[in-house]
2 protein chains.
Amino acid sequence: MEQNPKPPPSNSASLEKGLALFNLIARDRGQTPLKELAAGLALPRSTLYRLINTLEGTGMITRLEHRRYDIGLPLAEALHGITPAGQLARLCRPALRQLASACGATAHLGVMENDMVTYLVKESATSVPAALSISVENTQLEAYCSGIGKVLLAWLPEAERARYLAGGPFVALTSRTITDPRQLRETLKTVKAEQFARDDGEIAEDLYCLAVPLLTSDQSVSAAISLTFTHAGQKKHDDATYLTRLRACAAKLSRASLATIQS
Amino acid sequence: MEQNPKPPPSNSASLEKGLALFNLIARDRGQTPLKELAAGLALPRSTLYRLINTLEGTGMITRLEHRRYDIGLPLAEALHGITPAGQLARLCRPALRQLASACGATAHLGVMENDMVTYLVKESATSVPAALSISVENTQLEAYCSGIGKVLLAWLPEAERARYLAGGPFVALTSRTITDPRQLRETLKTVKAEQFARDDGEIAEDLYCLAVPLLTSDQSVSAAISLTFTHAGQKKHDDATYLTRLRACAAKLSRASLATIQS
DNA sequence: AAAATTAGTCCCATATAATGGGACTATGGA
DNA sequence: TCCATAGTCCCATTATATGGGACTAATTTT
């Protein structure tokens, strides 16, 4: 019941056990008594406490009353200011920059927040065309009319998507913007089937954009990336070429979000 | 060059090594190439990479380009929303509640932020006397006129304290408020010498308060705790009695902030 | 208040599992 | 294209994590 690629690549079992324990504590935050928490790990008492003590000694966890444990203050200090979104941007930016430069276009990374797309990264090959000033890092845009938005919507759980589609109205930003919920639903179906989204002038007349998801191990989507061109501008190749590059980039980035303690 | 109490209480060496490595990465955030970063740990390459891979496999770290490593996305997600102040409050609250109840008074925990005291915890034995409504959790009060403020000022590095004292004016809140920087400086000297601060009606006529520091292993101060009584109210014992309890509580809480990876 | 249960520590013989030397391959800079 | 260094893999050795169990401390029950 391990992963297919490589059973155990090369690891340190006791480190892994200790981290698994830490992971449990970090998620539980002192709600559950240790015994119950660690039941799943099936560690002998002796070993369990040895690990607990080492974790505590290094500041990863603190012991609170009633046999409960919580994240340690030193760790909280070391990780102060770290947010999932910030970290995602940090980890993905170099690859997006490279993608943008290789394709002579603008690359974006976005996530869904309150039914809007938040752009976390924007990297451009050269100077940004004027039309592209609509997207700014750490600001939001509507989801229904952008490539990234459509990808994120397409991978949403069905219930969520239904709620979103019912929540219109979808204002037309250009003559090509999809404003009919039924048509949007069909489009999203296609997006999911084809594993990419296209925005052909739906957000601004002269913008063309291709987007693909960043899939996690459980096939859910954490974020999406896109390549945007000005129509007038330099779309030198056909969609397939750009999609290949986008997907290569997505695959590379997905690896970063893969890992978590299993079992 | 270990701690005095117990040389190595009982630990898991490989877990410790792994966490020491993680600690370095978490503080460095990909600025330094691995080799240089881990130089101090003196680990053989083989072992170093085994640890790195295990850390990466559990989502603690991510590998980025140019032999650099950063905090992993899964960890960032697990620890999202955790702040040092929040964690400090969380860890200390139970002990302060107990202290308050045992002393029949109100207990506070505060830290210094931008020359003001931020109150992170406020726990009262019974219903809060009206005079005590001045302090509210997560809001700030001036430092120069409160017990906690004076403790925090007293343990500040000399340069910082000088800057603070030069930064007046110190507005009188009652007839007893210390408003003269020179007198305040003397008071702080006494506070440091006696290891506690007293506020006798300096912030509000009928409030009496005793405060002690939460010392970390390096003798710096992260926070201070206090007991506040209404003068009219129930100060049943003399200062010494309350100070003993305050200090016992402080000692207990200090342990929580002690740990960090040592060299 | 005493007895019983459970948490947490300590010790130590054993063998498991981390170690690290070294060969090998990938990567990336020049 | 070459060279240096990063990173992987393998394996014999033994250092080190393991876990049983005795023991103490802290809680809870009666």
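Quantities reported herein were computed from a predicted structural model and do not represent experimental measurements. By convention in this document, chain letters (A, B, ...) are assigned in the order of the sequence lines, proteins followed by strands, and residues within each chain are numbered from 1.
- Checking B:Leu15 against B:Leu34, the closest nucleotide of DNA chain D that is more toward the 5' end is the one next to B:Leu34.
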Subject >> Base versus backbone protein contacts along nucleotides 20-30 of chain C [heavy-atom cut-off under 4.0 Å; B, S, -] >> reply: BBBB----SS-
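- For B:Arg68 and D:dA6, the shortest distance from a side-chain N or O to OP1 or OP2 is not below 4.0 Å.
- Going from atom CZ of A:Arg63 over to atom P of D:dA25 covers 15 Å, rounded to whole Å.
- Note: CG (B:Leu55) to P (C:dA18) measures 14 Å, nearest angstrom.
- From B:Leu99, atom CG reaches atom OG1 of B:Thr106 across 10.5 Å, with rounding to the nearest 0.5 Å.
- For the pair B:Arg97 (side chain) and B:Glu123 (backbone), a donor-acceptor distance under 3.5 Å is absent.
- In terms of position along DNA chain C, the nucleotide closest to A:Tyr69 lies nearer the 5' end than the nucleotide closest to the other residue of the pair A:Tyr69 and A:Ser14.
- Side-chain N/O atoms of A:Tyr49 include one lying less than 4.0 angstrom from OP1 or OP2 on C:dG8.
- Separating the CG atom of B:Leu51 from the C1' atom of D:dA17 is a distance of 14 Å, rounded to the nearest angstrom.
- Rounded to whole Å, the distance from CG on A:Leu64 to P on D:dA26 is 17 Å.
- Atom P of nucleotide D:dT18 and atom CG of A:Leu48 are separated by 11 Å, given to the nearest angstrom.
- Under the ring pair (Phe, Tyr, Trp, His ring centres under 6.0 Å) criterion, the residue pairs touching residues 207-228 of chain A are A:Tyr208-A:His231, with sequence neighbours excluded.
- B:Gln195 meets the side chain to side chain donor-acceptor pair (under 3.5 Å) test with no other residue; sequence neighbours excluded.
- The separation between B:Ile52 atom CD1 and C:dA18 atom P is 17 Å, rounded to whole Å.
- Judged by distance alone, the side chain of A:Gln87 and the main-chain N or O of B:Ile71 form a donor-acceptor pair under 3.5 Å.
- Counting to the nearest Å, the C1' atom of D:dA17 and the CD atom of A:Glu16 are 15 Å from each other.
- Distance A:Asn53 CG to D:dA17 C1': 15 Å, rounded to the nearest Å.
- There is a side-chain donor-acceptor pair under 3.5 Å between A:Ser14 and B:Ser14.
- A:Val121 has its side chain out of reach of A:His108: every pair of non-hydrogen atoms, C-beta onward, lies at least 4.5 Å apart.
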